[in-house]
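The structure appears below as structure tokens.
Numbering starts at 1 and runs along the sequence shown. One-based numbering, in listed order, for ligands and for the atoms of each.
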Amino acid sequence: MARSWSLLLPLALALVASVAQAAVVEYTFNVGNLSISQLCQQEMIITAVNGQLPGPTIVATEGDTVVVHMVNESPYNMTIHWHGIFQRGTPWADGPAMVTQCPVHPGGNYTYRYNVTGQEGTLWWHSHISFLRATVYGALIIKPRGGTKAYPFPKPDEEEVVVLGEWWKDNVNELHVNATETGVPARHADAYTINGKPGDFYGCSDPNQTHKFELKQNKTYMLRIINAALNTPLFFKVANHSFTVVAADACYTKPYNTDVVVISPGQTVDALLVPDTGVAAMGGRYYMAVIPYDSAVNNDQPDRLYSLTNGTAIVDYTGGEATSTPMLPDMPKYNDTATAHRFLSNLTALVPNRVPLAVDTHMFVTAGMGDTFCGPEQTRCMPNPPINGTIFASSMNNASFILPKTTSMLEAMYRGSIAGVYTRDFPDTPPIVFDYTADEIEMNKTLKHTLKSTKVKTLKYNQTVQMVLQNTRFVSKESHPMHLHGFNFFVLAQGFGNYDETTDTAKFNLVDPQERNTVAVPTGGWAVIRFVADNPGMWFMHCHFDAHLDFGLGMVFEVQNGPTPETSLPPPPSDLPQC
Ligand SMILES: *[C@@H]1O[C@H](CO)[C@@H](O)[C@H](O)[C@H]1NC(C)=O
Ligand SMILES: *[C@@H]1O[C@H](CO)[C@@H](O)[C@H](O)[C@H]1NC(C)=O
Ligand SMILES: *[C@@H]1O[C@H](CO)[C@@H](O)[C@H](O)[C@H]1NC(C)=O
Ligand SMILES: *[C@@H]1O[C@H](CO)[C@@H](O)[C@H](O)[C@H]1NC(C)=O
Ligand SMILES: *[C@@H]1O[C@H](CO)[C@@H](O)[C@H](O)[C@H]1NC(C)=O
Ligand SMILES: *[C@@H]1O[C@H](CO)[C@@H](O)[C@H](O)[C@H]1NC(C)=O
Ligand SMILES: *[C@@H]1O[C@H](CO)[C@@H](O)[C@H](O)[C@H]1NC(C)=O
Ligand SMILES: *[C@@H]1O[C@H](CO)[C@@H](O)[C@H](O)[C@H]1NC(C)=O
Ligand SMILES: *[C@@H]1O[C@H](CO)[C@@H](O)[C@H](O)[C@H]1NC(C)=O
Ligand SMILES: *[C@@H]1O[C@H](CO)[C@@H](O)[C@H](O)[C@H]1NC(C)=O
Ligand SMILES: *[C@@H]1O[C@H](CO)[C@@H](O)[C@H](O)[C@H]1NC(C)=O
Ligand SMILES: *[C@@H]1O[C@H](CO)[C@@H](O)[C@H](O)[C@H]1NC(C)=O
Ligand SMILES: [Cu+2]
């Protein structure tokens, strides 16, 4: 945020006067069919940008203008979201389908233009429609204005982008259509990937199925790690190495030493790679590996959502010469919540004293899975039990979010005609107070039941919002990665069980809490976030598991105009897609 920036990097700011003007970095994204063979299967067609998986990495410098011409050569409706970019003054470029724009139809195109101002680090981009982000994703790196010497940590010699993903042997759009029409969640992925490749443990010995990082001895590396998986939090390790985390979600952290990185969908982690004594100097080959973190407690089918397999890449210091079997890291157990929580709760901001202390709007919001009856979307409804049964639904404060069909929410806001598009009654508290995380609520049909709606919470410009996110235990306790568009927020506290205002406010870190755009709310627990609504527009807040978002785990903030033209919604760009 602009006003905190001056505190963050005095050195970088001092250099601004002497470095070049902000540049325009321009890309063309041709989104289309790519024929690819994975896991030794025969070639299949996926949707990808410029024929690459992952798609191209966008590299910009803080203050630059990014221009991306997106040309939709795919057979699907398409949009792209720039995950973590504030989009100040450019709300029409945010990208979630039907929230800030109608999709670009097959054969159409749209130019996304935005400035990357007041933020730097590792972000990413992905499709924001259907499940297409399974293969339409890539890194978005914002370098400091003063160059790499402006990093507030020892400058690494080199940097590597590490994008983690999930792979299905099926057409992911068809998986999405089936999930929507039947009301039954799509099955879990067939593999986890590192930079698009599944690695050596899927019964396919083709060396081209494993990404290789060729590192040089005695050089230092920074990994820019992105979890682009659809539905799976991941444990990430490199054998015989540890890490010093220096940033998360493009916000600098105090240096944090760990041998395991935990990263939920939507999150990023920048970490210096620290070889064990002698390792880099002696050379050798080491596995980098990811396994799922399955947070579901009391879940009798542990692999219901996650595939208990691992994705690997190879870290090679031998210059490609050695063919010895790489060392394997010892991974945590798939349900090691203690390790996940240790990592996710211990990060702190590098620069203290930036939290707004006065709160204007308090919200207490439940989030989790529940059920609903088949609706018009479920043209092949498969309720369980089959007669008078229910299907999966997820909700926030018992409102199960559904996208509007005919007009984007931002366009409705801008035109001032919201009837039939959305309503302004997203509640500040759940309709009923109950024991949110008790096992017995699973059986309470009334509490578990939810209805579809498109509700927003309207905020006056510049209000400071505090939101308690409370997990519910209707289906199972689970860690939901809650992502907010348009802002970063401070994570003041997190814990397990039900949030208790009388005792838990004492746990708030108001000094140096981590700042993020995606918080993994602890399983069967809660997290408290705070942000300043100083960016007018329609900002989606949702679970970054597509399997949950798709069943309604989201809501939208409608942030009203401020007092000046600069703090008001701009008119839509002339090429904004029409529905
Ligand atoms: C983006 O940056 C350019 C160049 O610095 C500037 O002219 C423009 O007004 C900025 N746009 C917004 C929306 O801030
Ligand atoms: C983008 O769409 C416009 C309007 O349909 C069209 O005139 C133009 O040729 C398209 N550009 C590309 C690169 O496809
Ligand atoms: C979608 O459902 C149809 C009908 O049941 C089935 O034939 C098809 O295999 C499913 N597709 C995927 C990708 O699961
Ligand atoms: C390896 O896979 C890439 C796509 O990931 C492909 O472009 C390339 O042709 C493959 N190379 C070989 C030798 O199979
Ligand atoms: C790396 O450092 C070690 C120990 O200082 C040294 O023995 C080795 O020659 C160096 N390797 C390279 C490639 O510079
Ligand atoms: C990956 O899974 C395979 C099969 O279960 C196992 O043999 C291997 O040790 C695992 N690798 C890592 C890095 O955990
Ligand atoms: C993790 O799962 C194992 C079974 O795979 C179970 O024995 C253990 O109690 C679980 N641990 C936790 C913390 O739930
Ligand atoms: C991290 O958090 C855990 C609680 O989850 C705590 O016990 C531990 O001391 C913290 N610090 C570090 C450096 O891990
Ligand atoms: C389903 O609901 C209808 C209407 O409430 C009721 O008449 C019918 O008996 C129910 N069927 C079953 C199998 O419960
Ligand atoms: C469901 O929960 C509500 C609220 O706590 C309670 O009033 C109701 O009695 C419960 N119903 C059942 C069947 O337990
Ligand atoms: C927004 O709030 C901050 C304090 O939080 C204040 O300094 C600033 O003047 C406000 N801006 C407007 C336009 O109200
Ligand atoms: C594409 O989007 C339009 C609305 O802009 C919608 O009418 C159409 O049904 C969508 N097509 C598909 C295949 O979802
Ligand atoms: Cu979720």
Geometric class of the Phe545/His480 ring pair [parallel <30°, tilted 30-60°, perpendicular >60°]: tilted
Residues Lys197 and Thr210: side-chain donor-acceptor under 3.5 angstrom: no
Mode of Pro563 contact toward ligand 11 - side chain, backbone, both, neither (heavy atoms, under 4.0 Å): side chain
Under-4.0 Å salt bridge between Asp534 and Arg88: yes
salt_bridge(Glu515, Arg354) N-O dist < 4.0 Å: yes
Residues Arg473, Glu442: salt bridge by 4.0 Å N-O rule: yes
Asn462 neighbourhood, listing ligand 11 atoms whose heavy-atom distance to it stays under 4.0 Å: 1 (C), 2 (O), 3 (C), 8 (C), 10 (C), 11 (N), 12 (C), 14 (O)
Ligand-residue contact atoms, ligand 6 with Met331, heavy atoms, under 4.0 Å: 14 (O)
Nearest to the Cu ion (ligand 13) - the N/O/S atom of His480, by atom name: ND1
Where the Cu ion (ligand 13) is the vertex, angle from His548 ND1 to Cys543 SG to 10°: 130°
Where ligand 6 meets Ala289 - atom numbers and elements under 4.0 angstrom, heavy-atom basis: 13 (C)
Nearest non-hydrogen protein atom, atom 10 (C) of ligand 6: Asn310 ND2, 2.4 Å
Proximal atoms of ligand 11 relative to Tyr461 (non-hydrogen, under 4.0 Å): 13 (C)
Test item, Tyr287 contacting ligand 6 (heavy atom, 4.0 angstrom): no
Check: Gln267/Thr518 side-chain N/O donor and acceptor closer than 3.5 Å: no
For atom 9 (O) of ligand 6, the protein heavy atom that lies nearest, with its residue and separation: Leu328 CD1, 3.6 Å
Any side-chain donor near an acceptor of the partner, Gln494 and Ser345, under 3.5 Å: no
Ring geometry between Trp124 and His544 (parallel below 30°, tilted from 30 to 60°, perpendicular above 60°): tilted
Exercise check, heavy-atom protein proximity under 4.0 Å to atom 4 (C) of ligand 6: no
